[in-house]
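Below you'll find the structure, written out as structure tokens, and then a few comments.
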Amino acid sequence: AASYVGFDSITSQIEKKLLKRGFQFNVILVGQTGLGKSTLINTIFASHLVDSKGRLEADEPVRQTTDIHPVSHVISENGVRLRLNIVDTPGYGDQINNENCWDPIVKYIKASNLDQHSAYLRKELTAMRDKYIVDTRIHCCLFFINPTGHSLRPIDIIVMKKLSEVVNVVPVIAKSDSLTIEERDNFKNNELVYHNIRLYPFDTEEFDEDELKHNEVIRSMIPFAIVGSERNVIIDGKPVRGRKNRWGVVNVEDERHCEFVYLRDFLLRTHLQDLIETTAQIHYEAFRSKQLLALKE
Ligand code: GDP
Ligand code: MG
């Protein structure tokens with residue numbers, strides 16, 4: 001009979017190593033001023049830190065954003081630590097002359113990726129295999145779409161295209177509480193496909209039918225129609241993130257009201273690893289071949 005050697009313990013060895021060092025996930029938010037980017041950061045962290053000691057103050061004011069800066073917290077579930085880093089950006093495209101208004105953001109993403117890529121390549125070339133490198137790459141860009149325009153502005157299309165060259169772009173419909181159900185559906189119907197913007201997720205030739213179908217499901221969810229809030233409202237005696245109107249309350253975490261929970265699940269539960277891997281495959285491979293070519297010359 002075949003004897004048992006025990007190499008199946010490799011999975012727990014890997015798990016132990018990964019648990020020890022934790023995970024890092026970097027997201028950047030891009031869009032016009034006033035669409036709720038800073039508010040969403042506050043909402044994501046509040047919704048996730050409710051039971052941990054890092055909890056945010058409910059009424060911490062959201063200030064006008066004037067520079068690109070990361071907001072970072074470690075969140076932890078069942079012994080798994082995740083450093084979630086969300087990069088806030090000032091709005092772009094508010095000027096009369098919007099030429100190259102995306103430049104600072106694209107530069108920021110490129111610099112983050114480049115730091116990481118260079119560190120990886122150095123590690124590869126010098127065989128420092130055990131050295132752990134903190135992941136500075138931007139794994140995902142949430143692109144905020146204005147809910148009132150009924151279509152994308154030309155500047156948004158240009159910026160989204162520029163971004164999609166350097167990062168996984170996932171569009172969201174901002175402030176979707178201002179849309180009727182019909183308007184929301186209209187938005188979801190193919191505006192983005194029409195403009196031929198290369199958005200996450202990407203199909204590859206190696207994909208089997210299941211994987212292709214899975215990507216289709218994600219595409220049908222995007223863009224996520226979201227609502228953010230920096231305040232708690234009391235619903236059924238419990239404080240939840242919400243927005244109170246004259247006619248009622250929007251509960252940010254209620255799936256019947258908006259898709260914030262879908263977005264959060266997508267980012268932090270179902271697609272965390274895939275967004276990280278895609279960043280590595282697509283963007284690192286391109287960088288690597290260029291650098292290695294340069295070395296040969
Ligand atoms: P930013 O410029 O994109 O960072 O936008 P802010 O987060 O500063 O938000 C601008 C204003 O929009 C604030 O008054 C927010 O309270 C409000 N706001 C943010 N998110 C939403 C939302 O989902 N729905 C509505 N109706 N208002 C929002
Ligand atoms: Mg802001």
Side-chain angles (χ1 to χ4, degrees), residues 26-48 56-73 84-95 98 101-102 104-105 108-109 138 140-150 152-153 155-156 159-160 163 169-181 183-185 187-188 221-233 235 239-267:
N26 306 315
V27 182
I28 195 165
L29 308 189
V30 179
Q32 214 180 311
T33 304
L35 291 184
K37 296 181 293 299
S38 303
T39 304
L40 185 76
I41 295 182
N42 189 291
T43 311
I44 288 176
F45 281 125
S47 80
H48 221 91
L56 294 183
E57 285 299 311
D59 287 325
E60 201 168 282
V62 171
R63 272 159 311 226
Q64 175 96 46
T65 322
T66 53
D67 59 345
I68 300 178
H69 68 274
V71 185
S72 187
H73 289 280
L84 178 58
N85 197 28
I86 308 186
V87 182
D88 203 0
T89 65
Y92 70 84
D94 314 324
Q95 310 299 319
N98 287 321
C101 60
W102 57 84
I105 298 170
Y108 182 93
I109 297 172
I138 307 292
C140 180
C141 168
L142 295 184
F143 187 89
F144 283 60
I145 298 173
N146 193 328
T148 53
H150 293 284
L152 294 168
R153 298 183 304 166
I155 184 78
D156 288 334
V159 173
M160 245 194 270
L163 288 167
V169 178
V170 174
V172 299
I173 303 171
K175 297 184 171 181
S176 70
D177 50 323
S178 65
L179 292 174
T180 65
I181 292 169
E183 287 167 329
R184 194 192 281 200
D185 289 344
F187 246 111
K188 292 209 166 216
M221 294 164 71
I222 291 175
F224 296 97
I226 56 166
V227 174
S229 171
E230 64 272 53
R231 296 227 162 70
N232 287 341
V233 294
I235 296 178
V240 293
R241 286 284 154 151
R243 307 191 72 88
K244 200 179 260 167
N245 292 320
R246 285 195 172 214
W247 59 89
V249 172
V250 181
N251 177 356
V252 165
E253 299 206 29
D254 188 331
E255 282 128 77
R256 290 166 304 179
H257 295 185
C258 78
E259 296 170 341
F260 171 76
V261 170
Y262 295 161
L263 172 66
R264 192 183 62 196
D265 279 356
F266 166 81
L267 285 178

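In each ligand, atom 1 is the first atom listed, and ligand 1 is the first ligand listed. Please read all numbers here as calculations on a predicted model, not as lab measurements.
- Taking distance alone, with nitrogen or oxygen atoms compared against 3.5 Å, T39 approaches ligand 1 more closely than that limit.
- Checking only distances, D88 never comes within under 3.5 Å of ligand 1, N or O to N or O.
- Annotation for ligand 1: atoms under 4.0 Å from non-hydrogen atoms of T33 are 2 (O).
- Here the options are V30, V169, L263, I28, the test is side chain to side chain contact (heavy atoms under 4.5 Å, CB included), and the partner is L142; only L263 passes.
- Applying side chain to side chain donor-acceptor pair (under 3.5 Å) to R241 and the options N251, T39, N232 leaves one that passes, N232.
- For a threshold of 3.5 Å applied to N or O pairs, the pair formed by V227 and ligand 1 contains no separation below that value.
- Taking CD of Q32 as the reference point, atom CD1 of I155 lies at 10.0 Å (rounded to 0.5 Å).
- Between L35 and ligand 1, at least one N/O pair is under 3.5 Å apart.
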- Evaluate the side chain to side chain contact (heavy atoms under 4.5 Å, CB included) criterion for residues D88 and I68: first the C-alpha distance (whole Å), next the side-chain angles of each, then the deciding distance (0.1 Å), finally the verdict. CA-CA 6 Å; D88 203 0; I68 300 178; over 6 Å; no
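- Taking every heavy atom of G228 and a limit of under 4.0 angstrom, the matching atoms of ligand 1 come to 20 (N), 21 (C), 22 (C), 23 (O).
- The aromatic rings of F45 and H73 stand perpendicular to each other, their planes meeting at an angle above 60°, with 30° marking the opposite boundary.
- Each of the following atoms of ligand 1 lies closer than 4.0 Å to a heavy atom of E230: 16 (O).
- The shortest N/O to N/O separation between S176 and ligand 1 does not fall below 3.5 Å.
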